[in-house]
Asker: 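Take this structure first; my questions come after.
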Amino acid sequence: MIKAILIFNNHGKPRMSKFYEHYTEDTEQQIIRETFHLVSKRDENVCNFLEGGLLIGGSENKLIYRHYATLYFVFCVDSSESELGILDLIQVFVETLDKCFENVCELDLIFHLDKVHNILAEMVMGGMVLETNMSEIITQVEAQGKMEKSERLQDVFVEFSHQDLLDFYNQMEMIQTQLTR
Amino acid sequence: MPAVSKGDGMRGLAVFISDIRNCKSKEAEIKRINKELANIRSKFKGDKALDGYSKKKYVCKLLFIFLLGHDIDFGHMEAVNLLSSNKYTEKQIGYLFISVLVNSNSELIRLINNAIKNDLSSRNPTFMCLALHCIANVGSREMAEAFAGEIPRILVAGDTMDSVKQSAALCLLRLYKTSPDLVLMGEWTSRVVHLLNDQHMGVVTAAISLITCLSQKNPDEFKTCVSLAVSRLSRIVSSASTDLQDYTYYFVPAPWLSCKLLRLLQCYPPPEDGAVKGRLVECLETILNKAQEPPKSKKVQHSNAKNAILFEAISLIIHYDSEPNLLVRACNQLGQFLQHRETNLRYLALESMCTLASSEFSHEAVKTHIETVINALKTERDVSVRQRAADLLYAMCDRSNAKQIVAEMLSYLETADYSIREEMVLKVAILAEKYAVDYSWYVDTILNLIRIAGDYVSEEVWYRVIQIVINRDDVQGYAAKTVFEALQAPACHENMVKVGGYILGEFGNLIAGDPRSSPLVQFNLLHSKFHLCSVPTRALLLSAYIKFINLFPETKSTIQEVLRSDSQIRNSDVELQQRAVEYLKLSSIASTDVLATVLEEMPPFPERESSILAKLKKKKGPGAVSVNELEEGKREGGELNGGGERGGDSSSTPSPSADLLGLRAGPPVTAAAPSAGSLLVDVFSEAGVNDDGFLSEFSRFVCKNNGVLFENQLLQIGIKSEYRQNLGRMYLFYGNKTSVQFVTFTTTLNVQAKPVEPLIEGGAQVQQVINIECLTDFSDAPLLNIKFRYGGALQNLTLKLPVTINKFFQPTEMASHDFFQRWKQLSLPQQEAQKIFKANHAMDTEVLKAKLLGLGMALLENVDPNPENFVCAGVIQTKAQQVGSLLRLEPNAQAQMYRLTVRSSKDTVSKRLCELLAEQF
């Protein structure tokens with residue numbers, strides 16, 4: 001079973017976390033930090049598996065991760081899962097995100113966390129895999145999107161286009177540099 | 001400012017989020033949030049009814065605030081209201097809120113369950129999925145109670161949409177995991193199993209997780225899934241990469257599902273049906289063949305998916321462990337992967353080979369890869385992989401390659417990562433012991449271990465080397481010489497000092513002939529380390545010194561001087577001070593003979609399972625040590641360990657006052673006497689029988705009928721007994737714990753007994769039956785005398801058989817009124833026996849109850865006005881008469897005392913019962 005799915009960036013900032021076992025919020029944060037610490041110190045080109053940190057069950061559990069550009073995708077699983085199978089699953093997840101967001105990047109995860117959760121929910125439910133077929137997942141996600149549109153209610157959270165985001169960040173940086181001057 | 005997306009969606013929300021993001025400080029953010037919370041609260045409380053849209057907007061804001069890390073204590077009701085909306089987005093937000101913020105407010109749960117129930121029966125697949133997701137996310141007991149009956153119906157109904165079936169399967173799995181007692185499969189079993197045949201691969205994917213979990217818990221009920229899984233697997237494996245369309249992943253048909261099918265099959269033994277088995281073997285061969293075909297794509301995803309299936313197939317082959325042909329192929333395949341350029345594959349190959357090494361068919365084949373694995377240990381850049389390599393070396397080790405493997409592991413230890421050092425040390429210690437043919441090699445290895453990784457050498461490891469040295473006289477001289485040399489190093493680990501002190505104290509005389517290691521040199525060497533050591537080590541060294549006085553009278557004055565010095569005799573540590581004082585006194589007043597007796601060489605330790613192995617097992621969890629390894633331990637252990645399970649608490653640490661040299665030991669251990677308490681023994685097992693062993697054993701049987709009556713190194717006597725009315729039958733089991741037969745084995749009882757077999761083979765057990773009839777009440781237990789020859793020596797043993805008067809109790813139930821009436825009737829002074837005594841055990845009500853029930857009387861509830869007290873009633877059945885007895889036990893938890901009062905119609909019975917029971921609590 002999948003115990004947790006964590007996404008964080010190269011600096012350890014969590015971008016998404018989903019736990020399929022109950023932990024207190026504090027512990028969840030500690031697990032994320034511990035996992036980041038374990039994963040980030042590893043070189044590129046070493047294997048994608050390692051024993052889990054102490055907080056999440058130690059050697060009973062494995063961390064299986066992939067590193068894409070600025071993001072780490074980490075699945076924490078018990079011994080009932082196939083390691084390579086989970087690697088494939090991560091790939092399917094990322095490819096699905098890529099299709100849904102059209103060239104997914106870290107900012108998409110920041111601003112559309114709910115969508116990311118929705119997509120994940122179509123793949124994994126209660127720590128078990130619901131669907132591995134990418135087109136099926138996308139169909140479901142799109143159907144939801146259509147329904148939302150048809151109800152004429154826009155997305156729950158603020159929608160930004162990529163251009164808007166870029167502008168926004170440029171402005172932020174400018175303000176920051178002015179402030180520090 | 002980013003432009004808020006057009007469309008009038010939820011402008012308020014967007015503005016709020018932007019506001020928050022623009023806050024310059026934490027305080028500003030909190031202020032803004034509090035303002036918003038007040039606004040929302042007033043809206044919710046206001047008289048104007050809110051429409052669905054507004055509710056959604058405010059609930060969204062609350063959700064957003066919660067995600068920022070603030071507590072939300074209202075809005076739940078509004079979220080629940082959203083659940084009953086007909087609009088997807090409103091409903092979805094409602095469910096999201098519930099999933100994130102559910103609390104166990106029972107009123108609310110009822111409402112939520114109601115909404116879920118409506119959605120489940122709505123026949124709208126989207127709504128049904130939302131509801132099922134919510135159940136799976138929350139998974140509470142109340143939800144299981146409400147829906148455990150409904151969900152299987154949805155799962156197997158013919159008209160359920162595929163996507164709903166998928167969600168239903170995993171939802172059910174979740175409920176099964178949280179409340180297995182509520183999910184009753186019964187009638188659904190076969191239909192759930194047949195989901196493996198479902199046309200939609202997604203349904204199969206979801207269902208297989210459910211079926212695997214259920215099969216693990218109830219393998220028999222679900223065993224029909226084996227043939228279905230095999231045929232499904234066979235269809236996938238033989239299909240072309242295009243057949244399964246969307247379920248083909250980088251040219252590999254349905255890899256995830258194939259893996260899961262192979263995992264499911266690992267819950268069962270090989271199929272009995274020849275046809276099914278043939279088909280499965282064919283599948284496995286196809287998978288192995290495909291591994292050799294050229295890849296259909298250069299992409300790493302293609303080979304990943306293909307190998308994921310391959311590794312699961314190999315796991316299944318190893319699990320079956322019955323097809324030598326497939327096992328060897330699997331081993332060869334893994335051998336190829338060992339040198340693969342993909343690190344992941346090397347890692348997995350090492351891991352799978354570890355399990356393969358324990359199969360007798362492939363153990364030899366695995367061994368051929370030893371050089372590659374050693375190379376991996378030395379050169380892999382990744383610690384995860386190196387750790388797997390170390391595991392595999394450990395698993396593939398046997399007599400033929402032990403020296404090589406241990407040497408490699410030792411040299412790896414010098415550079416090993418800190419995280420795995422302790423485990424490596426344990427492994428080296430176990431291998432060195434298990435495969436030692438030559439004990440000087442063993443001693444060298446362990447001393448090297450202490451030198452290289454002293455900090456990681458646990459107590460178990462150095463205790464063990466001392467045990468072995470003491471038990472084997474051929475290695476003692478060598479051990480003394482080696483530790484002496486090791487101690488020469490200017491800086492040596494404290495563990496080395498401990499081993500050195502102990503061994504020189506015992507066997508220093510064996511090397512004293514050489515002027516370079518004369519007694520004084522030895523002593524000075526040890527004493528030069530003294531001041532650098534911790535208190536327990538110093539205590540051990542002091543004991544070594546007094547042993548020196550016995551071994552080498554010429555050192556006496558030097559050592560006495562050391563003991564007399566203020567730093568010893570006035571040491572602030574009470575243990576050290578006491579030792580110094582006592583040893584000094586002992587050395588000055590005891591005659592040489594007395595000294596020689598008191599400080600005699602340690603007797604051999606009883607043989608037992610290596611506590612190091614136990615520690616490794618504990619460290620790695622029960623599954624980590626393969627069965628094969630345990631069996632091997634038993635087989636090979638004969639000369640060293642004796643093997644066998646002994647439930648000792650090996651991890652208990654000795655107190656600093658540990659009497660390591662056994663100075664306070666009783667008389668030297670003779671073969672038949674229970675082993676006298678020497679501390680190292682106690683450290684390793686609680687089973688050490690103390691001197692008054694059988695007396696206390698006897699009293700243990702007052703309240704129970706079965707157990708071990710007696711045990712020493714040679715013999716174990718177990719008892720099973722049953723009683724009815726005034727009759728009883730006792731089975732005695734005599735077990736020979738040695739490998740030598742006992743001859744002329746006889747038992748005599750001061751009452752009649754059937755003769756027992758005169759001969760007990762090594763390791764065997766014989767049984768003796770004794771029929772018992774109680775003629776009249778009694779207070780002395782029958783004595784059992786056991787005589788046998790072991791080796792040439794005659795062993796003689798007398799035991800009290802645990803037959804006590806209370807065994808013939810018939811419980812009597814009575815009401816409060818009756819009890820007190822009878823109590824008053826038995827009012828003659830001699831009919832009553834009373835004892836007030838201190839509690840020997842914790843005063844636990846449940847334990848007391850269990851003991852009183854074991855006594856054989858009826859435990860009467862609600863009779864005594866004080867609920868703390870216990871009263872019992874029973875009738876003792878003897879052939880001559882029946883003796884009614886009443887009992888009252890009054891615990892006083894504050895004083896830790898009991899008052900026990902027994903009244904019965906016969907004075908001797910009251911007295912005896914009172915005596916027996918007073919020892920029990």
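Labels below follow one simple rule: chain letters A, B, ... track the order of the sequence lines, proteins then strands, and each chain is numbered from 1.
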Asker: Below 4.5 Å, heavy atoms only, C-beta onward: do A:Ile31 and A:Phe19 meet side chain to side chain?
Answerer: yes

Asker: Could you check which of B:Val385, B:Thr343, B:Val383, B:Val300 has the highest count of heavy-atom pairs closer than 4.5 Å to chain A?
Answerer: B:Thr343

Asker: Going by an N to O cut-off under 4.0 Å, is there a salt bridge joining A:Glu106 and A:Arg15?
Answerer: yes

Asker: Go through A:Ala121, A:Gly127, A:Gly126, A:Ala143 and name the one with the most non-hydrogen pairs under 4.5 angstrom from chain B.
Answerer: A:Ala121

Asker: Which one of A:Gly85, A:Ser82, A:Ser79 has the most heavy-atom pairs closer than 4.5 Å to chain B?
Answerer: A:Ser82

Asker: Charged N to carboxylate O under 4.0 angstrom, A:Lys18 versus A:Glu28?
Answerer: no

Asker: Below 4.5 Å from any heavy atom of chain B, which atoms of A:Gln29 appear? Answer side chain, backbone, both or neither.
Answerer: neither

Asker: Please work out which of the three classes, parallel, tilted or perpendicular, describes the rings of A:Phe8 and A:Phe36, given edges at 30° and 60°.
Answerer: perpendicular

Asker: Verify the distance criterion only: is there a donor paired with an acceptor across the side chains of A:Thr27 and A:Thr24 at less than 3.5 Å?
Answerer: yes

Asker: With only heavy atoms counted, which part of B:Leu345 is less than 4.5 Å from chain A, the side chain, the backbone, both or neither?
Answerer: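 Only the side chain of B:Leu345 comes within 4.5 Å of chain A.
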
Asker: Please state whether the side chain, the backbone, both or neither of A:Glu136 comes within less than 4.5 Å of a heavy atom of chain B.
Answerer: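 For A:Glu136, the side chain is the part near chain B, not the backbone.
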
Asker: Of the backbone (N, CA, C, O) and the side chain (C-beta and beyond), which part of B:Cys171 lies under 4.5 Å from a heavy atom of chain A, both, or neither?
Answerer: both

Asker: Apply side chain to side chain contact (heavy atoms under 4.5 Å, CB included) to B:Leu310 and B:Phe337, showing your working.
Answerer: CA-CA 11 Å; B:Leu310 181 58; B:Phe337 284 147; 3.6 Å; yes

Asker: Which answer fits B:Thr205, side chain, backbone, both or neither, if we ask what part of it has an atom under 4.5 Å from a heavy atom of chain A?
Answerer: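 Both backbone and side chain.
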
Asker: Give a yes or no answer on whether the side chain of B:His302 reaches the backbone of B:Asn304 with a donor-acceptor pair at less than 3.5 Å.
Answerer: no

Asker: Select, from B:Glu342, B:Glu380, B:Lys177, the one with the greatest count of heavy-atom pairs under 4.5 Å involving chain A.
Answerer: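 Ranked by contacts with chain A, first place is B:Lys177.
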
Asker: Going through the checks in order, is the side chain to side chain contact (heavy atoms under 4.5 Å, CB included) test met by A:Val94 and A:Arg66?
Answerer: CA-CA 10 Å; A:Val94 173; A:Arg66 266 180 189 280; over 6 Å; no

Asker: Does any heavy atom of chain A fall under 4.5 Å from the side chain of B:Leu210, the backbone, both, or neither of them?
Answerer: neither

Asker: Report which part of B:Glu312 has an atom under 4.5 Å of a heavy atom belonging to chain A: side chain, backbone, both, or neither.
Answerer: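 B:Glu312 touches chain A through side-chain heavy atoms alone.
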
Asker: Please classify the contact between A:Ile86 and chain B as side chain, backbone, both or neither, with a heavy-atom cut-off of under 4.5 Å.
Answerer: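 The answer is both parts of A:Ile86.
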
Asker: More than 12 heavy atoms of other residues, nucleotides or ligands under 6.0 Å from CE of A:Met16: is that the case?
Answerer: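 More than 12 heavy atoms, drawn from other residues, nucleotides or ligands, come within 6.0 Å of this atom.
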
Asker: What part of B:Ser167 gets closer than 4.5 Å to chain A, counting heavy atoms only: side chain, backbone, both or neither?
Answerer: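 Contact with chain A is through both the backbone and side chain of B:Ser167.
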
Asker: side-chain hydrogen bond (donor to acceptor under 3.5 Å, both in side chains) between A:Glu95 and A:Gln91: does it pass, once the steps are laid out?
Answerer: CA-CA 6 Å; A:Glu95 285 184 26; A:Gln91 181 70 17; 2.8 Å; yes

Asker: Counting only heavy atoms closer than 4.5 Å, note whether B:Tyr88 contacts chain A via side chain, backbone, both or neither.
Answerer: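 Both the backbone and the side chain of B:Tyr88 come within 4.5 Å of chain A.
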
Asker: Where does A:Glu81 contact chain B at under 4.5 Å (heavy atoms): side chain, backbone, both or neither?
Answerer: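 The answer is both parts of A:Glu81.
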
